[in-house]
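A quick write-up on the structure given underneath.
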Amino acid sequence: MKDVYKRAFSDGTTIGLGYLPVAVAFGITAKPILDLLATSLMSAMNYGGAGQFLTLQMLNDSSYIAIIIAIFILNSRMFVMSFKINYDLRHLNIVKRFMISLFVTDESFALTSRYGPERKTFADYLITVFVSYLFWVVFTIVGYLTGEIMSERLVIASGIALYALFIALLMPSLGSNVRNIIVAGLGMTLHFFLIEVGIAPGIAIVIAMLTASSVGLLLELRERKRGPVS
Amino acid sequence: MSVLVLILILTVVNVSIRVVPTFFVGKLELPENFVAFLNYIPIAALGVLVFPGILTAVETPTQGLLAGVFAAALGILRVPLFFIVVLSVAFVYVLMLLP
């Protein structure tokens, strides 16, 4: 197998293993509410962990219109992430970028943003995002069908999986630069306070993300004006 | 209205959010400062995604935070991503066994 396939496949699998327990939990949670077809279609077509859980939760007591608005707000961050991915891949044609954009998630965005120039290729991106997507869909179905046999403690402990992935992705960039520590820390703090004051979670994510990035830019500009420090 | 109709509408919502940039970013040459700004997005996003969500990721906030420190330590030690994910789950599992 060519190296590019191997490394992209391995990155996709890493995300996929983070998804695995969450997807299983989604299948288990959906079982009392939806049939197998609707559950699988939701994972296959409404791809996005938090949004899917929110949909299940809202199906109990909310109108479809409310669900649609909530999902739009919650997933609006994908617009910013997809924008960045499309800009990084602007040398690819529109069909290729379209295909990759369909599979943008927090995790695939975070992981592929570490790819150096030599990995900004169609194969690297598509294989990574598609392999992780397959994990999500397949293990939703596995959770739905076999959920009862998984120990409850293991399912709960697995809740940390995606956070571990995010932290692992964050660590290398924190070491390289003080500004990055400020941006990440500010993002965390802002997100916390925005939720505390009652801003809708999706909007809170977008505001915190854009504000923290702007501060990163401002700090960088100030440093550039002073002349190179490092 | 059947839930399948809802799933279809949500598909349109989800796909639109993700693919709109595809159509106008194409041959765009963005100003240097805007690109610098975009380059901070992944780091900001990771910070935002980790906190405060990690407080409610598992049974207690303390377990979540301890696992976060554990994952960060593994990250500093340059343990491969895959093992950080698996070991962090095992770490929380063990924490949950403690009295």
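Keep in mind the model is a prediction, meaning the values are calculated, not measured. Quick note on labels: first sequence line is chain A, next is B, and so on, each numbered from 1. Heavy atoms only: backbone and side chains are in, while hydrogens, waters and symmetry mates are out.
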Could you tell me which portion of A:T55 (side chain, backbone, both or neither) has an atom closer than 4.5 angstrom to a non-hydrogen atom of chain B? side chain
What pair of heavy atoms forms the shortest contact from A:T105 to B:R18, and how long is it? CG2-NH2, 4.1 Å
side-chain contact (heavy atoms from CB on, under 4.5 Å) between A:M42 and B:L10, intermediate numbers included: CA-CA 9 Å; A:M42 204 184 266; B:L10 289 179; 5.5 Å; no
What residues, two or more places apart in sequence or in another chain, satisfy salt bridge (Lys or Arg N to Asp or Glu O under 4.0 Å) together with A:R77? A:D106
Checking B:V13 against chain A: side chain, backbone, both or neither under 4.5 Å from a heavy atom? side chain
Given heavy-atom pairs under 4.5 angstrom as the criterion, report whether the side chain, backbone, both or neither of A:L218 touches chain B. neither
Can you see which heavy atom on A:M171 is nearest to which on B:I76, and at what distance? CE-CG1, 3.6 Å
Residues passing the ring pair (Phe, Tyr, Trp, His ring centres under 6.0 Å) test with A:Y125, sequence neighbours excluded, are A:Y115
Counting heavy-atom pairs under 4.5 Å with chain A, which one of B:S16, B:A45, B:A67 comes out on top? B:A45
B:P52 vs A:M188 side-chain heavy atoms within contact, under 4.5 Å: no
Please classify the contact between B:L95 and chain A as side chain, backbone, both or neither, with a heavy-atom cut-off of under 4.5 Å. neither
Which atoms form the tightest heavy-atom contact between B:T22 and A:I94, and what is the distance? CG2-O, 3.6 Å
Taking only heavy atoms into account, what residues of residues 58-65 of chain B are found under 4.5 Å from chain A? B:V58, B:E59, B:G64
Using every non-hydrogen atom in the two residues, find where B:Y40 and A:V183 come nearest and quote the distance to one decimal. CD2-CG2, 3.7 Å
Leading residue by heavy atom contact count with chain A [cutoff under 4.5 Å; candidates B:V94, B:V20, B:L8, B:L46]: B:L46
Using non-hydrogen atoms only, which part of A:L59 is less than 4.5 Å away from chain B: side chain, backbone, both, or neither? side chain
Give the minimum heavy-atom separation between A:A157 and B:V89, together with the two atoms involved. CB-O, 3.8 Å
Counting heavy-atom pairs closer than 4.5 Å to chain A, which one of B:P80, B:S88, B:A72 comes out on top? B:A72
Look at B:A90, B:G75, B:A57 and state which one has the largest set of heavy-atom pairs under 4.5 Å with chain A. B:A57
Which atom pair, heavy atoms only, marks the closest approach of A:E220 to B:A36? OE2-CB, 3.8 Å
Pick from B:N14, B:V15, B:I7 with the largest number of heavy-atom pairs that fall under 4.5 Å of chain A: B:I7
Given that the side chain runs from C-beta out, which part of A:Y87 has a heavy atom under 4.5 Å from chain B: side chain, backbone, both or neither? both
Working note: A:F166 + B:F51, criterion ring-ring contact (aromatic ring centres under 6.0 Å, His included); need CA distance, chi angles, decisive distance, verdict. CA-CA 10 Å; A:F166 292 143; B:F51 195 82; over 10 Å; no
Less than 4.5 Å apart, side chain to side chain, heavy atoms only: is that true for B:I84 and A:L165? no
Not counting sequence neighbours, which residues clear salt bridge (Lys or Arg N to Asp or Glu O under 4.0 Å) with A:R119? List them please. A:D11, A:D124
Whatever's closer than 4.5 Å to a heavy atom in chain B on A:L34 counts as side chain
Please state whether the side chain, the backbone, both or neither of B:L4 comes within less than 4.5 Å of a heavy atom of chain A. side chain
For B:V19, is there any backbone N or O sitting under 3.5 Å from a side-chain donor or acceptor partner on A:S101? no
With distance as the sole test, does A:N46 use its side chain to make a donor-acceptor pair with the main-chain N or O of B:T11 at under 3.5 Å? yes
Give, as side chain, backbone, both or neither, the part of A:L111 having an atom under 4.5 angstrom from any heavy atom of chain B. side chain
What option among B:F70, B:F83, B:F24 has the most heavy-atom pairs under 4.5 Å with chain A? B:F24
Considering only heavy atoms, which portion of A:V80 lies under 4.5 Å from any heavy atom of chain B: side chain, backbone, both, or neither? side chain
Parallel, tilted or perpendicular, judged at 30° and 60°: which one describes the rings of A:F83 and B:F34? perpendicular
